[in-house]
There are 2 protein chains.
Amino acid sequence: MRITIADVARAAGVSKTTVSRVLNARGEVDRSTAARVREVIDRLGYVPSSGAVGLARGQSRTVGMLVPSLTWPWMGEVVQGVVDTVEAAEFGLLLFTCNRGADSVERFTSQVFARAFDGLLVVEPENTLAMLTALHRRGLPVVLIDDRGRHPEFPYVTAANLQGGASAARHLLAVGRRRPLVLTGPLRFGCVRDRLDGFRTAFAESGHPLEPALIVESDFTEAGGREAVRHLLEQGLDFDAVFAHNDLAAMGAMAALRATGLRVPEDVAVVGFDDIPMARLTQPPLTTVRQPMREMGEVAARMLLARLTDTEAPGPVAELPTSAVIRQSTVNS
Amino acid sequence: MRITIADVARAAGVSKTTVSRVLNARGEVDRSTAARVREVIDRLGYVPSSGAVGLARGQSRTVGMLVPSLTWPWMGEVVQGVVDTVEAAEFGLLLFTCNRGADSVERFTSQVFARAFDGLLVVEPENTLAMLTALHRRGLPVVLIDDRGRHPEFPYVTAANLQGGASAARHLLAVGRRRPLVLTGPLRFGCVRDRLDGFRTAFAESGHPLEPALIVESDFTEAGGREAVRHLLEQGLDFDAVFAHNDLAAMGAMAALRATGLRVPEDVAVVGFDDIPMARLTQPPLTTVRQPMREMGEVAARMLLARLTDTEAPGPVAELPTSAVIRQSTVNS
DNA sequence: CTGAAAGCGCTTACAG
DNA sequence: CTGAAAGCGCTTACAG
């Protein structure tokens with residue numbers, strides 16, 4: 001049998017109202033009464049039912065998080081950042097994925113309206129923007145963890161993609177590379193266009209504009225990066241560096257270079273983006289532009305919680321710095 | 001303003017009881033009445049409040065999941081398997097971690113008693129066994145995803161560690177290795193002892209018992225594997241293979257071998273355990289014993305859901321097969 | 001087939 | 001400082 005507030009009230013000889021007051025630390029209770037009630041709570045091991053509290057208060061002290069996939073190499077860091085922050089605020093985290101088409105979108109939507117959570121964090125799955133916009137308009141607080149879109153309607157946290165692209169460029173220029181191949185992610189993503197722009201501008205400003213034939217769209221996968229580079233080498237294209245828009249594609253590029261007998265970094269220097277845990281374990285270890293994934297999760301969670309608890313909310317946009325992490329794929333040790 | 005069951009009842013000209021009946025598909029409703037109610041529900045976009053339903057029914061249609069960390073390389077697969085299964089059953093998933101000491105254990109425990117969820121899936125964090133046992137005794141359904149412990153009290157799913165160890169051994173024997181170094185994980189973990197036993201037995205039965213000096217306890221990290229192998233090589237120990245108890249340690253071993261100028265697999269063959277996503281991307285690609293992490297998550301979730309929905313529950317123990325995945329760290333291509 | 005009423009376990013005006 | 005009562009939005013005997 002569950003112990004309820006009524007049991008506590010009876011055992012302490014007070015009303016449920018009073019128990020509720022000491023539970024919620026409203027000051028209006030006599031010190032000795034409060035002490036007695038607390039003693040009973042401890043003795044009985046009473047814990048309020050979160051469902052009942054939520055119903056009475058009209059909120060659940062739970063946030064939702066929607067992600068496209070949990071198996072991407074950097075997703076664990078983001079979710080860890082979120083869960084740490086959310087738990088520290090004594091909220092719960094309800095996790096959703098949306099990887100099985102319209103069906104799961106619909107299921108997710110109905111969960112939302114069931115008010116299982118008070119606010120939503122999202123790493124945007126494709127084809128969910130319309131739904132998210134609708135939810136947001138209906139009053140659900142939403143914060144985007146933005147690795148790709150550009151949605152001024154929502155508060156979001158993002159990494160400094162433009163600067164990240166520029167820092168990759170500056171590093172390659174510093175180590176004497178002049179003809180880089182750029183292996184972009186899908187160009188429909190805002191982050192991809194930013195990484196490209198930052199990189200392109202830095203090269204242009206140094207007097208070495210990028211060659212259009214050396215800007216190739218890829219798909220953020222290892223296989224995609226590998227095939228693209230293999231194909232370009234077969235075509236006889238000449239380049240002395242690769243800037244891949246994520247680490248997975250960079251690893252594919254390294255594999256293709258190795259397969260052709262080219263040395264990294266002597267013949268071709270390789271730079272990735274993300275700094276996934278794997279990056280320092282490749283052979284050679286991968287130079288990359290670090291996105292602070294865990295911090296992005298933490299900041300997004302804090303932005304959302306501030307909106308839910310009407311603490312003074314931080315601004316609607318947080319851009320976290322990226323930084324070049326120099327390893328041996330660009331510089332001989 | 002939230003739309004409630006009372007709004008629907010009023011608009012449809014029936015009682016809340018009747019609305020509730022069509023919502024829950026109890027057959028006792030007149031067909032045309034039911035149709036009318038459904039039409040109103042759709043028109044109003046009514047969705048029942050999960051909190052209220054949970055309170056009235058005494059259960060939340062939510063399961064909890066407790067993990068030590070979300071950033072371990074195989075954890076994403078496990079959680080993905082869980083979340084897919086749980087969502088398909090129209091349950092929610094509440095995620096908890098327990099990586100900040102006694103404080104977070106306590107916070108977690110009180111969430112449990114708040115009945116925010118009906119059952120619990122756990123990848124056991126260290127020092128939580130006592131708490132889990134207490135929860136289980138108090139009637140909370142718990143299923144362990146067992147990568148290390150051995151807790152007959154709980155239903156659990158595990159990989160076939162003994163067979164996995166044996167298959168690693170058989171493969172190394174088949175490629176002519178006779179003096180393997182075994183780089184174990186922490187020996188307090190049951191899975192580690194099983195992997196070792198399976199491996200040892202297979203070698204012994206083939207007439208090549210393991211040499212005690214070549215069984216070395218390590219810690220499941222890349223750095224740990226690297227340092228251990230470096231140290232053994234410095235001591236001049238002679239071995240022609242490494243069986244590491246996880247892929248991370250195997251990668252460390254490969255790095256140490258490479259640093260000493262030894263070739264993999266020509267001089268030393270290397271086998272890991274897990275088959276994390278990284279394993280196929282190492283140089284050379286890593287031969288390993290695959291644990292079906294996603295399936296383990298799925299099976300554990302199904303076991304728990306069966307207990308919650310009194311479907312005929314599967315047995316309390318599920319041992320999922322492991323399989324050797326042969327790559328170039330043991331066999332030249 | 002249908003509805004009035006009690007109950008799930010809390011919180012919160014309101015009155016004293 | 002304290003309590004009785006209504007209310008949060010549902011479900012479920014019970015009665016008809």
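Within every chain, numbering begins at 1; the chains are lettered A, B, ... in the order of the sequence lines, protein sequences first and strands thereafter.
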A.B. asks: Regarding B/Thr4, tell me which of base, sugar-phosphate or nothing describes its non-hydrogen contacts under 4.0 Å with the strands shown.
C.D. replies: sugar-phosphate
A.B. asks: Grab the CZ-P distance between A/Arg61 and D/dC8 for me, whole Å please.
C.D. replies: 22 Å
A.B. asks: Please confirm whether the shortest side-chain N or O distance from B/Thr33 to OP1 or OP2 of C/dT2 is below 4.0 Å.
C.D. replies: yes
A.B. asks: Paired with C/dA13 by Watson-Crick or G-U wobble geometry, both distances under 3.5 Å: which nucleotide is it?
C.D. replies: none
A.B. asks: Using only side-chain N and O atoms of A/Thr18, determine if any of them is under 4.0 Å from OP1 or OP2 of D/dT2.
C.D. replies: no
A.B. asks: Out of C/dG3, D/dC10, D/dG9, which has the shortest distance to the side chain of B/Arg21?
C.D. replies: C/dG3
A.B. asks: Scan every strand shown for a Watson-Crick or G-U wobble partner of C/dA4, both distances under 3.5 Å, and answer none if you come up empty.
C.D. replies: none
A.B. asks: Whole-Å distance between D/dT12 C1' and B/Lys16 NZ?
C.D. replies: 12 Å
A.B. asks: Taking all atoms of both residues into account, what is the closest heavy-atom pair of B/Val22 and B/Ala34, and its distance?
C.D. replies: CG1-CA, 4.4 Å
A.B. asks: Taking atom CG of A/Leu70 and atom CE of A/Met65, what is their separation to the nearest 0.5 Å?
C.D. replies: 8.5 Å
A.B. asks: Between B/Ser15 and C/dT2, is there a side-chain N or O to OP1/OP2 distance below 4.0 Å?
C.D. replies: no
A.B. asks: Specify the separation, in whole Å, of atom CZ of B/Arg10 and atom C1' of C/dG3.
C.D. replies: 16 Å
A.B. asks: For the pair B/His136 and B/Phe154, name the ring-plane relationship: parallel under 30°, tilted 30 to 60°, perpendicular over 60°.
C.D. replies: tilted
A.B. asks: What is the nucleic acid contact for A/Thr17, judged by heavy atoms within less than 4.0 Å: base, sugar-phosphate only, or nothing?
C.D. replies: base
A.B. asks: Rounded to whole Å, how long is the line connecting atom CZ of A/Arg31 with atom P of D/dC1?
C.D. replies: 11 Å
A.B. asks: Atom CG of A/Leu55 to atom C1' of D/dT11: distance rounded to whole Å?
C.D. replies: 13 Å
A.B. asks: For the side chain of A/Arg57, counting heavy atoms from C-beta on, which of C/dC10, C/dT12, C/dG3 is nearest?
C.D. replies: C/dT12
A.B. asks: Would you mind reading off the distance between B/Ile3 atom CD1 and D/dG9 atom P, rounded to a whole angstrom?
C.D. replies: 12 Å
A.B. asks: Just compare C/dT11, D/dT11, C/dT2 and give me whichever is closest to any side-chain atom of A/Ser20.
C.D. replies: C/dT11
A.B. asks: Rounding to an integer number of Å, can you tell me how far B/Tyr46 OH sits from D/dG9 P?
C.D. replies: 10 Å
A.B. asks: Identify whether the distance between the nearest side-chain nitrogen and carboxylate oxygen of A/Arg43 and A/Glu39 falls below 4.0 Å.
C.D. replies: yes
A.B. asks: Which atom pair, heavy atoms only, marks the closest approach of A/Tyr156 to A/Val143?
C.D. replies: CA-CG1, 4.3 Å
A.B. asks: Round to the nearest Å and state the distance from A/Gln59 atom CD to C/dC10 atom C1'.
C.D. replies: 13 Å
